[in-house]
2 protein chains.
Amino acid sequence: MAREPEANETAPPGPTGSGPDPGTGSGSWTGTGPGTVRPGGRTARVREAVLRAAGDALAECGFAHLDLADVARRADVGKTTVYRRWGTVNGLLADLLSEMAESSLPRTDTGTLLGDLKANAALVRRTLTDPRQGPLFKALIAAATCDERTAEALRRFYAARVEEWVPCVRQGVARGEVPEGTDPHEVVRAVSAPLYYRLLASGGPLDETCAERAAEAAYEAARVGAYRTGAYRIGGEQPNEGE
Amino acid sequence: MAREPEANETAPPGPTGSGPDPGTGSGSWTGTGPGTVRPGGRTARVREAVLRAAGDALAECGFAHLDLADVARRADVGKTTVYRRWGTVNGLLADLLSEMAESSLPRTDTGTLLGDLKANAALVRRTLTDPRQGPLFKALIAAATCDERTAEALRRFYAARVEEWVPCVRQGVARGEVPEGTDPHEVVRAVSAPLYYRLLASGGPLDETCAERAAEAAYEAARVGAYRTGAYRIGGEQPNEGE
DNA sequence: GGCTTAACGGGACTACTTTCCCGTTAAGCT
DNA sequence: AGCTTAACGGGAAAGTAGTCCCGTTAAGCC
């Protein structure tokens, strides 16, 4: 490989995004990238159209076959504009993820932790089996494996999603359903993990059964304290803590 | 997008691989692809060198920046050879996965299911945190999201890995550690899932604690029957099952 | 050892992706 | 409304990935 600057890995195209700081990683950006000085009207419309088109293209073609000129065509926008504002495929996807992180669906509240976890599992399952969202998520995760900036955006996205459901676990602790000291984030992640593992690695149906199992397994593990912070040993051999 | 035949999606370069049928999906291949008539000597050396080079390149550059000409250079092989035998990046990766599926590490036998699951979690963790293997797995999963043939090869790979550890769960059932009817595959997958979720989506340390938790959570969930085939309801879907 | 031809290798050629140039449009401000 | 210039858009130019042609090497077989 002999690729060199890779455009905005060094800085050129700028952080993109419309807000004051979409948080693409380079917090110390002071120069003026396209879209930062006059973010209203046309610029905002262009961003919206391009991000939508990028999502469509990703869902249809997958990450590998994504062509920015094609995205530009779908968005009815000049391809030069796309290259100038986002620079590369990864720059565009990072921005798309920032956008997605802001539009998180509200959690449900069923009254029991198990019910909430099942609702969460069902939501994740619906998302991943959706004809548009499923391929889109696959593509975004694939993109994140190739680019640190995209990976960071993806982590932030999931952090936001997890945070939304954390209160369910906190309530579960307060109600005494799971022990004091349970790490709420870990429980929420434990619900999603098996579904993503199926989607990306092992394959398999991703049906309701599978979602329920994920929720129940996380719930039961949490009940016996598997996600408590600090030491937890079910007859473990030695008390070796991490790293 | 206006990409057309995409080479071997229709057939041209052939199934590749060295064995009689590496099983790349097209089982009805009768023509002679390169590498099938004289698979000995040079051909085998070329395949080995190219697959190794492909793994190196993937681990270093990631899936998106993989260039077959670069792989050829690393392998000290003409790029024409690579294009002729494997056709595309995905064809090459599918072959790489077939190769990897055959070299599965033997499971350990600690005498208890929890011990075995912990050993499995530790193995997966070591693999995913390895400087070469980690990026390689990421890249392969990314590739699988873009191409059905690669995805199929990946599923076979994980099926083989899971199968290796299934006997641990069977023994656990026989010893009465987990209930009759427990789906062994599901338990083994449940151990890996949280680790892969961290690697690909949520991010996070992937330390020993995390691996132990994954094993313990799967174990506890299995104990209460969360992975039994057929119906499993902890108080059904109605809220408030009492505690 | 000699023969046949599968498989390899170099390099020109084609197709596609990305960048650059420069004229046009419209956002933000008074 | 009018002015300034940020941001857009089309098309040419440059760069890169993938294909094809044809001569060379060596695997398989006697």
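Hydrogens, waters and symmetry mates are skipped; everything else that's a heavy atom, side chains included, is used. In the text below, chain A, chain B and the rest are named by the order of the sequence lines, each starting its count at 1.
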| field | Electrostatic pair A:Asp70:A:Arg74 at N-O distance under 4.0 angstrom | value | yes
| query | Is it true that A:Glu163 and A:Arg156 have a side-chain N and a carboxylate O under 4.0 angstrom from each other? | reply | no
| Between D:dG9 atom P and A:Asp76 atom CG, what is the distance in whole Å? | 9 Å
| field | Mutual orientation of the aromatic rings belonging to A:Phe63 and B:Phe63 [parallel < 30°, tilted 30-60°, perpendicular > 60°] | value | tilted
| Side-chain N or O of B:Tyr83 closer than 4.0 Å to phosphate OP1/OP2 of D:dT19 | no
| In whole Å, what is the span from the CG atom of B:Leu92 to the P atom of D:dG18? | 12 Å
| said: Without decimals, in angstroms, what is the distance between B:His65 NE2 and D:dA17 P? | reply: 11 Å
| field | Which nucleotide in C:dA27, C:dT18, C:dA6 has an atom nearest any side-chain atom of B:Val37 | value | C:dA6
| message | What is the distance, to the nearest angstrom, from the CZ atom on A:Arg85 to the C1' atom on D:dG9? | response | 14 Å
| remark: Rounded to whole Å, the CZ-P distance (A:Arg38 to D:dA6) equals 6 Å
| Any ion pair linking A:Arg198 and B:Glu186 (charged N to carboxylate O, less than 4.0 Å)? | yes
| task | Take atom CZ of B:Arg73 and atom P of D:dT16, then tell me their distance rounded to the nearest Å. | result | 11 Å
| Does B:Glu164 pair with B:Arg161 as a salt bridge, N-O distance under 4.0 Å? | no
| request: Name the closest nucleotide to the B:Asp67 side chain, picking from D:dA17, C:dG28, C:dT18. | output: D:dA17
| request: Would you indicate which nucleotide in C:dG11, D:dG11, C:dA6 comes nearest to any side-chain atom of A:Lys79? | output: D:dG11
| According to a strict under-4.0 Å criterion, is A:Thr81 in side-chain N/O contact with OP1 or OP2 of D:dG9? | yes
| Pick the nucleotide of DNA chain C nearest each of B:Thr43 and A:Ala69; which residue has the one closer to the 5' end? | B:Thr43
| query | With respect to the phosphate group of C:dG9, does any side-chain polar atom (N or O) of B:Arg42 fall under 4.0 Å of OP1 or OP2? | reply | no
| request: Indicate yes or no: does B:Glu48 engage B:Arg52 in a salt bridge with an N to O separation below 4.0 Å. | output: no
| remark: In whole angstroms, the gap separating C1' of C:dT18 from CG of A:Leu66 amounts to 14 Å
| Rounded to whole angstrom units, what separation is found between the CZ atom of A:Arg45 and the C1' atom of C:dA27? | 10 Å
| said: Between B:Arg85 and B:Asp95 (salt bridge meaning N to carboxylate O under 4.0 Å), is one present in this structure? | reply: no
Please enumerate all protein N or O atoms sitting under 3.5 Å from an N or O of nucleotides 21-23 of chain D, with distances to 0.1 Å.
none

